[in-house]
2 protein chains.
Amino acid sequence: MITLAEVQAFCTVARAASTPYTLLQAVEGITAAMGFRYFALVHHIDLLNPGSTAVRLVNYPRNWVDAFEEGRLYAADPIHRASHTTTIGFAWSKVAAMISLNPRDHAVLATARSAGLGEGFTIPAHVPGEVNGSCSFAMRTGEELNAEQLPLVQLVGSFAFEAARKIARATIAPIAAAPQLTERQIECVALVAQGKTDWEIAKILGVGAETVTQHLKDARDRYGVTKRTMLAIRALFDGAISFTDILR
Amino acid sequence: MITLAEVQAFCTVARAASTPYTLLQAVEGITAAMGFRYFALVHHIDLLNPGSTAVRLVNYPRNWVDAFEEGRLYAADPIHRASHTTTIGFAWSKVAAMISLNPRDHAVLATARSAGLGEGFTIPAHVPGEVNGSCSFAMRTGEELNAEQLPLVQLVGSFAFEAARKIARATIAPIAAAPQLTERQIECVALVAQGKTDWEIAKILGVGAETVTQHLKDARDRYGVTKRTMLAIRALFDGAISFTDILR
DNA sequence: CGATCCCTCCCCAGTTCTGGGGATAACGCA
DNA sequence: TGCGTTATCCCCAGAACTGGGGAGGGATCG
């Protein structure tokens, strides 16, 4: 049984880790200390740039990893799918109650079992605008989870993922400084992000359609982009608008 | 100083709570036990929107809540914005290092302080396809956080939010079940998010422009949207694409 | 006072999207 | 074998966007 003090120590180490290798060692250590055999700290795919900035620390059995990649299971993996429906960790044995499993899912789970993966616990990690991720810990086939310590396992998973995320993010070049939009421009951009046309935005704001067109023209200029889609995404990225503004 | 056992007890109670009131009482109790005075367990949505059934358990000072709603600060609240950039809890004093604060943000924070809200700690909660949420705990002005116990506070926040989410799930309309796009569709959407035209995307993918148009047509259909801007933002929100795919 | 910024409105030409309607071929699944 | 899904290509008409140009009024600031 792991203690809170050990978790806090791991937290400190993880937070200070500046390379994947440092973090990997820390995760290996705490995985064993928690009584687990395997871990997988991953972003759920990055189809466009595989490997580049995506988080990926795994010590699963080799034959399972191979099967996973060969079968392109990352998008369909039921554990990953289940992790997209919750904010806290869950035991793999509870997955059937979280999502509906199709025959293919059962096949995936069976393959995992035959590769030596037993019961596991997965902590989801989502940030709007980032590929979904998760941190999983697993036993060998036949061993049982210690339900008592699962809250601590969840903490470890959260800290581990955030540490990996920070390391991955550090490798990304900073984007150009965010220009300041005027209030009116922000209102227009927020409505653009909702898929409104210039005419609709004009009605909503109570001004002429040409005025809206002009505000968006100016806003595009400030960001140095030529498409309203890019405008919306840049504004979203630097916080000029938020998902909260857009989706209801 | 709260103990792990107390957190686990709260976890059990929260998990079993079936009404907002039961949960509210549990949260009130643990808030005090952790040495906090205030809590806010909320979905980040338009609070004034009538008929909204989102999570909302708050005991912040009355005058702050009023100012918050009157000024429609929920969308711009820097604490909420900061919570959209991380997977783990953070102290409010660290917000300036997480996002860039504009004059309006400083005004919001000043208003909060003058309403009696001191230092606080916020645990983000995001599920793909659902509105963002968070669980915050705050002290009175002048009191200090106990850094030692923040990991436990984070656990409490996570469990509390998930419990509230479960209670509200029956009544919350998800933004829409996140549809699964095909690989090709995702590639097209990612390039759309970069501001590329159909013709440019066609060149990049080495297919005809009509094919790209068709993929985007299909993708829009799956999300039930009519504009490519909305398509890009929805795909971004539920993790089909990410900012790192888009911005260099 | 002039300079600068913001909001408002207008015109125009060309490009790009969007929503209809088609079609063919490959693949896996039942 | 047939059925569904995916990827590829095609046509068209109308709506929407984009990048030029210009102009007036109000506010602020030095």
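To find a chain, count down the sequence lines: A is the first, B the second, and so on, and within it residues start at 1.
- Counting to the nearest Å, the P atom of C:dT4 and the CG atom of A:D218 are 17 Å from each other.
- For A:K217, taking side-chain heavy atoms from C-beta onward, the closest of the listed nucleotides C:dC9, D:dG19, D:dC17 is D:dG19.
- Summarising the geometry, the separation between CG on A:L205 and P on C:dC9 is reported as 10 Å, rounded to the nearest angstrom.
- Using modelled atom types and a 3.5 Å distance limit, the side chains of A:S83 and A:S134 yield no donor-acceptor pair.
- Nearer to the 5' terminus of DNA chain D, by closest-nucleotide assignment, is the contact made by B:E210 (compared with the other of A:L216 and B:E210).
- The phosphate of D:dA7 has neither OP1 nor OP2 within less than 4.0 Å of any side-chain N or O from B:T211.
- Among the nucleotides C:dC17, C:dC7, D:dG19, the one closest to any side-chain atom of A:T182 is C:dC7.
- Using the six-membered ring where Trp is involved, B:H126 and A:H126 have ring planes that are perpendicular, over 60° apart on the 30 and 60° scheme.
- In this structure, A:D221 places its CG atom 11 Å from C1' of D:dG20, rounding to the nearest Å.
- OP1 or OP2 of D:dC17 lies within a sub-4.0 Å distance of a side-chain N or O belonging to A:R228.
- For B:K203 and D:dC9, the NZ to C1' distance is 13 Å, given to the nearest whole Å.
- Remark: aromatic rings of B:F237 and A:F243 are close, center separation under 6.0 Å.
- Taking every side-chain heavy atom of A:V207 into account, C:dT8 is the closest of D:dG19, C:dT8, D:dC17.
- Side-chain nitrogen and oxygen atoms of A:R220 include at least one within less than 4.0 Å of the OP1 or OP2 phosphate oxygen of D:dT18.
- When distances are taken from the side chain of B:Q214 to each of D:dA16, C:dC6, D:dC10, the shortest belongs to D:dC10.
- Residue B:R222 places none of its side-chain N or O atoms closer than 4.0 Å to OP1 or OP2 of D:dT5.
- Salt-bridge annotation for A:K203 and A:D198: absent, with no side-chain N of the basic residue lying under 4.0 Å from a carboxylate O of the acidic one.
- If you measure from atom CE of A:M230 to atom P of D:dC17, you get 18 Å, rounded to the nearest angstrom.
- Here the P atom of nucleotide C:dC10 and the CG atom of A:D198 are 14 Å apart, to the nearest Å.
- Mapped onto DNA chain D by nearest heavy atom, B:K227 and B:G208 fall at different nucleotides, with B:G208 at the one closer to the 5' end.
- Put simply, the side chain of A:T226 does not reach to within 4.5 Å of the side chain of A:M230, judged on heavy atoms.
- Using a 4.0 Å heavy-atom cutoff across all strands shown, B:T213 reaches at least one base atom of the nucleic acid.
- We find that CD of B:Q185 is positioned 12 Å from P of D:dT5, with the value rounded to whole Å.
- Note: NE2 (A:H215) to P (C:dC5) measures 16 Å, nearest angstrom.
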